[in-house]
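Comments concern the structure below.
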Amino acid sequence: MKVLVVGGGGREHAIVEALGRAPSVTEVLCTPGNPGMARQARLIRGDQSPASVTALALAEQADLVIVGPEAPLAAGVIDALQGAGIPAFGPTQAAARIEGDKVWSKAFMLRHGVPTAGHRSFAELDTALAYAGSQPLPLVVKDAGLRAGKGVTIAHTHAEAHAALHAIFEVPQAQAVIEEFMVGQEVTVLAFCDGERAVMMPPAQDHKTIFAGDVGPMTGGMGVICPFPVSDADLRRVQTGILDVTLRGMRQEGYPYVGVLYAGLMLTAGGPKVVEFNARFGDPEAEAVLPLLDSDLAEIALACVRSDLSADQVRFRDEASAVIVLAAPGYPAQPQTGIPLHLPTPGAGEQIFQAGTALHAGQLVSSGGRVLAVQACAPTLNAALGRAYRLADAALFAGAQLRRDIGARIGAVPDPAPDPVS
Ligand code: GLY
């Protein structure tokens with residue numbers, strides 16, 4: 001099978017790597033891709049508009065297209081590919097609204113009884129400011145549109161809530177969602193979906209603020225542990241009370257959901273509740289979860305597109321995985337680019353997924369906010385963290401930012417390096 005991947009970040013690098021291990025795959029293409037994938041995929045320059053991606057898939061006679069990022073999904077790339085008769089893994093534009101329009105998404109959850117935080121939506125700044133000022137703290141303020149994971153503020157003062165609302169409403173036609181703050185462990189459950197069935201991947205935990213201790217501005221994600229321990233009872237609630245209900249609701253409303261559904265959840269005292277849905281693999285969750293996949297990603301994606309996914313097709317290795325993100329100085333506000341990168345050679349069970357990188361005159365340099373996602377697998381989480389941190393230290397670049405507390409929320413501690421064999 002010839003598979004075209006759309007996107008150019010760490011998530012797409014992990015998708016390309018998983019396809020490289022898939023027995024059914026004969027060739028992987030990626031547009032635009034990044035230098036880290038060049039050995040595993042043929043990279044093709046181009047934009048990610050529905051028309052360009054469809055023209056490329058037709059010209060290359062791709063058997064399957066897998067779309068990584070949210071923006072092309074929201075722009076209707078799957079609809080365009082379907083229109084041209086090309087099997088395409090991802091939600092249609094209408095179904096991708098579950099991520100792209102948080103006002104619609106919250107209303108959908110209420111209509112179908114999906115457990116989520118209490119909220120109100122606003123299309124006007126003044127009413128939003130008045131409501132925020134009357135609510136107990138902390139308070140969650142969300143931009144209703146796509147903001148690359150950075151449109152959320154946890155406001156600990158009313159002044160912070162007001163500042164976040166002013167920033168959101170600087171954009172014409174903006175809408176805001178104000179939610180109650182939920183207490184508990186946050187966990188990401190990704191699921192392969194074929195319109196009717198949702199098959200869960202192992203739960204993962206991202207770390208979204210830039211600084212250790214969960215402080216500082218929100219980022220796209222700074223590190224992941226997987227699997228995150230979730231009780232069997234809670235996993236059953238996620239399957240039946242969240243994923244199955246959501247897929248049924250999407251079908252009933254006329255937008256069957258095909259692709260990866262990202263359920264960002266809070267494990268509250270009252271059970272798991274949805275923080276947000278996304279319409280794609282998480283980034284950097286994909287970089288932690290996909291290395292554990294033991295079955296053929298292309299076959300799974302094709303089964304989703306054909307609406308005949310079975311749980312037996314989706315197998316993960318019984319190991320732990322950890323990802324440490326190395327971000328550029330200045331990220332998330334103003335990442336510095338052009339910093340030379342010198343990467344070590346990863347060992348077995350380790351990967352350096354490239355995200356914001358580029359080649360300038362033969363030198364690999366930083367070109368974005370999150371630059372590298374350094375990943376390791378091991379039999380235990382502490383061992384995976386130890387390996388991932390050692391590899392991250394070897395890959396450090398000038399001014400790199402990384403969090404040293406990935407996994408600390410559940411008491412995980414990176415194992416020290418084994419004694420050298422004498
Ligand atoms: N890691 C958060 C996201 O992918 O949205």
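Whatever order the structure lists ligands and atoms in, that order sets their numbers, starting from 1. Keep in mind the model is a prediction, meaning the values are calculated, not measured. All residue numbers refer to positions in the sequence shown, counting from 1.
Remark: ligand 1 and D283 share an N or O pair separated by less than 3.5 Å (distance only, no angle test). Checked by distance only, ligand 1 and D206 come closer than 3.5 Å through their nitrogen or oxygen atoms.
Contact annotation: F281 has no heavy atom less than 4.0 Å from any atom of ligand 1.
Between F192 and F281, the ring planes lie perpendicular to each other; the angle is over 60°, past the 30° to 60° tilted range.
Atoms of ligand 1 found under 4.0 Å from any heavy atom of G282 (numbered from 1 in listed order, with element): 4 (O). Shown in contact with N278 at under 4.0 Å from a heavy atom are these atoms of ligand 1, numbered in order with element: 5 (O).
E17 and Q40 are not linked by any side-chain donor-acceptor pair at a separation below 3.5 angstrom, with hydrogens and angles left out of the test.
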Let me check something: any side-chain donor-acceptor pairs from residues 170-179 under 3.5 Å, sequence neighbours excluded? List them with distances.
from	atom 1	to	atom 2	distance (Å)
E179	OE1	K142	NZ	3.4
E179	OE2	K106	NZ	2.9
E179	OE2	K142	NZ	3.1

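Pairs passing the ring-ring contact (aromatic ring centres under 6.0 Å, His included) check and including a residue from residues 222-261, sequence neighbours excluded, read W104-Y255.
For atom 2 (C) of ligand 1, the candidate residues are G264, P69, G220, G221; the nearest heavy-atom contact is made by G220. The closest heavy-atom contact to atom 5 (O) of ligand 1, among the options R280, E285, E70, E99, comes from R280.
A pairwise comparison of heavy atoms in L402 and V325 identifies CB-O, 3.6 Å as the closest pair.
Between R11 and E285, none of the side-chain N atoms (NZ, or NE/NH1/NH2) sits under 4.0 Å from a carboxylate O, so this pair counts as no salt bridge.
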